[in-house]
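Here is the structure we will look at.
Below, read A as the first sequence line, B as the second, and so on, with proteins coming before strands; counting in each chain starts at 1.
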Number of protein chains: 2
Amino acid sequence: MRLAELSERSGVSITTIKYYLREGLLPPGERVSATQAEYDEEHLRRLRLARALVQVGRVPVATARKVLAAVEDESVDQLTRLGTAVSALPHGPAPSGADGAVDAARRTAEEVQRRLGWRPVPGNPAHGMLVSALATLIRLGYPCDVDQLLPYGRAAAAIAGHEIALIEEFGAPTTQLEAAVALTVLYEPVLLSLRRLAQAEEATRRFGTQT
Amino acid sequence: MRLAELSERSGVSITTIKYYLREGLLPPGERVSATQAEYDEEHLRRLRLARALVQVGRVPVATARKVLAAVEDESVDQLTRLGTAVSALPHGPAPSGADGAVDAARRTAEEVQRRLGWRPVPGNPAHGMLVSALATLIRLGYPCDVDQLLPYGRAAAAIAGHEIALIEEFGAPTTQLEAAVALTVLYEPVLLSLRRLAQAEEATRRFGTQT
DNA sequence: ATGATTGGATAGTGCCACTCTCCGAACGGG
DNA sequence: CCCGTTCGGAGAGTGGCACTATCCAATCAT
């Protein structure tokens with residue numbers, strides 16, 4: 001198909017697709033002549049995934065390029081590709097450094113992981129994200145001790161189990177990786193909005209009966 | 001205290017504090033002379049909360065102003081203030097409109113809430129956020145039927161129950177509202193990073209034994 | 001008295017996701 | 001074969017946003 005059709009079927013404007021091509025989010029189409037290129041269903045899927053990452057997942061364009069590159073890199077094994085792709089996703093700023101709050105947060109984070117029976121993964125950026133968020137809570141004076149966090153951890157474990165099982169159902173390796181990335185990013189707003197809805201439900205149940 | 005001390009104790013640069021004052025994130029200090037103003041501990045708390053919302057919660061400055069204004073608006077009752085504050089938080093784009101995916105997403109969202117026993121809250125922006133995210137998943141061809149979503153909903157309910165109970169422990173109404181906003185926003189990265197850590201744990205457990 | 005500091009206002013910076021505009025080559029109906 | 005249309009590509013420009021650099025006059029400390 002041509003650029004115009006790709007644009008129509010994906011709902012992404014032609015100029016934006018050109019921009020994505022320039023930024024490497026999308027591989028170039030198969031050149032059929034000096035000024036014409038042909039795109040296939042694979043391009044359409046990639047474009048939709050890229051669009052979802054950028055718009056829904058708020059992943060910066062440069063980051064999305066790395067993620068998609070890792071998904072397609074067939075030179076390494078599945079688990080490494082998955083790790084590379086997920087590590088490239090945004091994680092917020094790393095903890096500032098020498099700070100009492102950061103030290104306390106780091107200790108809490110490690111204790112939580114130990115209590116949940118998770119093996120520590122030193123290089124995981126999600127760990128830095130957790131420490132940074134906990135340090136902020138501590139600085140604001142809000143409680144975030146281990147007992148507070150365990151319910152979150154158990155909820156996360158339940159969800160993750162579900163997700164990994166779901167991903168296993170996708171056959172081809174690249175399809176699995178695409179699914180892993182898509183589900184990791186796109187279920188974030190689902191989880192957060194369900195949490196807010198649950199909060200609203202619980203708040204009205206406790207604080208008031210009307211409206 | 002003076003601006004300089006407020007800056008030092010909060011870790012926010014003087015120019016940024018001035019910017020926040022201009023944007024209404026922080027009430028002006030008490031004018032002690034034509035060119036001097038005095039700030040108190042309340043300003044420090046507000047500043048730290050605003051900073052956390054903007055930096056960690058990625059809340060736009062204009063949005064943070066509305067949220068903080070709702071928290072301090074003592075002219076209405078607690079639950080309304082809470083609703084206003086949380087509604088002002090960012091929710092991503094609303095669903096596009098006339099689209100088969102959006103319709104299916106809306107039906108799924110309502111069914112999930114029904115199955116979880118949550119009363120439908122029509123005006124809640126979190127609902128739009130959920131529908132929008134589900135529509136994106138549907139467009140990408142990933143499963144997000146009711147059975148997939150129920151574990152997320154149950155996890156969200158468990159977490160929300162914990163949080164509302166925690167908020168009730170804060171005495172003063174304004175303090176409670178501040179806590180509600182802070183916990184809603186600042187626990188988001190905590191929850192998401194725990195989910196990613198849980199995914200990593202589960203993935204290594206199933207897909208490989210080393211690294 | 002006087003140099004430093006303070007609070008306030010205005011304009012500018014840097015980043016980022018697009019988007020506008022132009023170009024020359026190719027397609028295709030007549 | 002002709003010519004208006006469409007195509008892909010490339011560089012510069014736009015708008016939004018979170019700051020930030022600079023300046024100014026009043027005031028404080030010595």
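A straight line from OH of Y19(B) to C1' of dT10(C) spans 15 Å, rounded to a whole angstrom. Summarising the geometry, the separation between CG on L3(A) and P on dA10(D) is reported as 13 Å, rounded to the nearest angstrom. Rounded to whole angstrom, the span from the CZ atom of R58(B) across to the P atom of dA18(D) amounts to 12 Å. With rounding to whole Å, L25(B) atom CG is found 14 Å from dC17(D) atom P.
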List, one per line, each side-chain donor-acceptor pair under 3.5 Å for residues 82-90 of chain A, sequence neighbours excluded.
from: T84(A); atom 1: OG1; to: T80(A); atom 2: O; distance (Å): 2.8
from: S87(A); atom 1: OG; to: G83(A); atom 2: O; distance (Å): 2.8

Contacts under 3.5 angstrom, residues 53-74 of chain A side chains, donor-acceptor by atom type, not counting sequence neighbours:
from: E72(A); atom 1: OE1; to: R46(A); atom 2: NH1; distance (Å): 3.0
from: E72(A); atom 1: OE2; to: R46(A); atom 2: NH1; distance (Å): 2.6
from: D73(A); atom 1: OD1; to: S75(A); atom 2: N; distance (Å): 3.0
from: D73(A); atom 1: OD1; to: S75(A); atom 2: OG; distance (Å): 2.6
from: D73(A); atom 1: OD2; to: S75(A); atom 2: OG; distance (Å): 3.4

Show me, pair by pair, the donor-acceptor contacts under 3.5 angstrom made by side chains of residues 15-28 of chain B, not counting sequence neighbours?
from: T15(B); atom 1: OG1; to: S13(B); atom 2: OG; distance (Å): 3.2
from: T16(B); atom 1: OG1; to: S13(B); atom 2: OG; distance (Å): 2.9
from: Y20(B); atom 1: OH; to: R51(B); atom 2: NH1; distance (Å): 2.8

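Taking only side-chain atoms of T15(B), from C-beta outward, the nucleotide of dT20(D), dG8(D), dT19(C) with the closest atom is dT20(D). In the set dG7(C), dC18(C), dT6(C), dC18(C) carries the atom at the smallest distance from any side-chain atom of Q55(A). In the set dC18(C), dG7(C), dA17(C), the nucleotide with an atom closest to the side chain of V54(A) is dC18(C). For R22(A), counting side-chain heavy atoms from C-beta on, the closest listed nucleotide (dT20(D), dT19(C), dG7(C)) is dT19(C).
Listed by first and then second residue, the ring pair (Phe, Tyr, Trp, His ring centres under 6.0 Å) pairs that reach into residues 168-192 of chain B are Y142(A)-F170(B), Y152(A)-Y187(B), sequence neighbours excluded. For the ring pair (Phe, Tyr, Trp, His ring centres under 6.0 Å) condition, no pair includes a residue of residues 55-83 of chain B, sequence neighbours left out. Among pairs with a residue in residues 193-204 of chain B, those fulfilling salt bridge (Lys or Arg N to Asp or Glu O under 4.0 Å) read R119(A)-E201(B), E163(A)-R195(B), E188(A)-R196(B), E201(B)-R205(B), E202(B)-R205(B), E202(B)-R206(B), at least two apart in sequence or across chains.
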Quick test: give all pairs of protein nitrogen or oxygen and nucleotides 25-30 of chain D nitrogen or oxygen below 3.5 Å, distance rounded to 0.1 Å.
from: dT27(D); atom 1: O4'; to: T35(B); atom 2: OG1; distance (Å): 3.2

Using atom names, set out every protein N or O paired with an N or O of nucleotides 13-16 of chain D below 3.5 Å, distance rounded to 0.1 Å.
none

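With sequence neighbours left out, the side chain to side chain contact (heavy atoms under 4.5 Å, CB included) criterion links E38(B) to R2(B). In this view, H43(A) and Y39(A) satisfy the ring-ring contact (aromatic ring centres under 6.0 Å, His included) rule, not counting sequence neighbours. Among residues two or more places apart in sequence or in another chain, the side chain to side chain contact (heavy atoms under 4.5 Å, CB included) test is passed with E41(A) by M1(A), R9(A), L44(A).
Of the residues in residues 38-53 of chain B, those placing a heavy atom less than 4.0 Å from an atom of DNA chain D are R51(B), in numerical order.
OP1 or OP2 of dC18(C) sits under 4.0 Å from a side-chain N or O of Y20(A).
Nucleic acid contact class of R31(B) (heavy atoms, under 4.0 Å, all strands): sugar-phosphate only. Residue T16(A) is in sugar-phosphate contact alone, with no base atom involved, counting any heavy-atom pair closer than 4.0 Å across all strands shown. Among the protein residues, A4(A) comes within range of the sugar-phosphate backbone only, with heavy atoms under 4.0 Å from sugar or phosphate atoms but none that close to a base.
Remark: the backbone N or O of M129(B) is not paired with any side-chain donor or acceptor of S132(B) at under 3.5 angstrom.
Residues V102(B) and R139(B) form a side-chain contact, since some pair of their non-hydrogen atoms from C-beta on lies under 4.5 Å apart.
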